[in-house]
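Each remark here refers to the structure printed beneath this line.
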Amino acid sequence: MTSLTAHRSDEPADVPEALRTARRTIDNIDAALVHMLAERFRCTKQVGVIKADLGLPSSDPERERRQVARLRALAEEAGLDPVFAEKFLGFIVEEVIRHHEDIAATRGD
Ligand SMILES: C=C(O[C@@H]1C=C(C(=O)O)C=C[C@H]1O)C(=O)O
């Protein structure tokens, strides 16, 4: 039983139970984040195709401005650093825009 738990959580057997439990929660949250990001990128790639077909630019700074304002407010409400929330969104959007540029280039735009 101990070895099964250790294998599942990938933790050495001597890690205290409270730490092990917290890390299990962290691992679940990280897994959820990965799945949510995968869904978001699936969706933004569809947006990239729509934009390329309509000849629209890859980035939309006005939309981004509204998203930043909304996420900063949500972060404050949730007790998350709004500066971090803005940086995190910016990191993701930068990657999305690169995808959109690639999509536009491969669709001959
Ligand atoms: C996804 C879009 O394209 C870009 C990426 C965004 C995002 O990842 O949220 C937001 C605005 C755009 O700069 C969009 O225009 O909706």
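Index from 1, following the sequence. Counting starts at 1 for both ligands and their atoms, following the listed order.
Within the 4.5 Å cutoff, side-chain heavy atoms of Phe41 are placed close to those of Ile92. With contacts defined as side-chain heavy-atom distances shorter than 4.5 Å, the pair Glu11/Leu19 does not qualify.
Here the protein heavy atom with the shortest distance to atom 5 (C) of ligand 1 is Val96 CG1, 3.5 Å. Regarding atom 10 (C) of ligand 1, its nearest protein heavy-atom neighbour is Gln67 OE1, 3.2 Å. Protein heavy atom at the shortest distance from atom 12 (C) of ligand 1 is Asp60 N, 3.5 Å. Counting protein heavy atoms only, atom 14 (C) of ligand 1 is closest to Lys51 NZ, 3.5 Å.
Between Arg24 and Glu17 there is a salt bridge, since a side-chain N of the basic residue sits under 4.0 Å from a carboxylate O of the acidic one.
Taking every heavy atom of both residues into account, Gln67 and Leu89 meet most closely at CB-CD2, 3.8 Å. Taking both residues in full, the closest heavy atoms of Glu64 and Ser59 are given as OE2-CB, 4.0 Å, listed atom of the first, atom of the second, then distance.
Screening residues 80-97 for side chain to side chain donor-acceptor pair (under 3.5 Å), with sequence neighbours left out, gives Arg72-Glu86, Glu95-Arg98, Glu95-His99.
Remark: ligand 1 atoms within the under-4.0 Å shell around heavy atoms of His100 are 1 (C), 2 (C), 3 (O). Heavy-atom contacts of Ser59 reach the following atoms of ligand 1: 13 (O) (cutoff under 4.0 Å).
Within the set Arg40, Glu95, Arg63, Glu64, the minimum heavy-atom distance to atom 9 (O) of ligand 1 is found for Arg40.
Distances shorter than 4.0 angstrom do not occur between any heavy atom of Ile92 and any atom of ligand 1.
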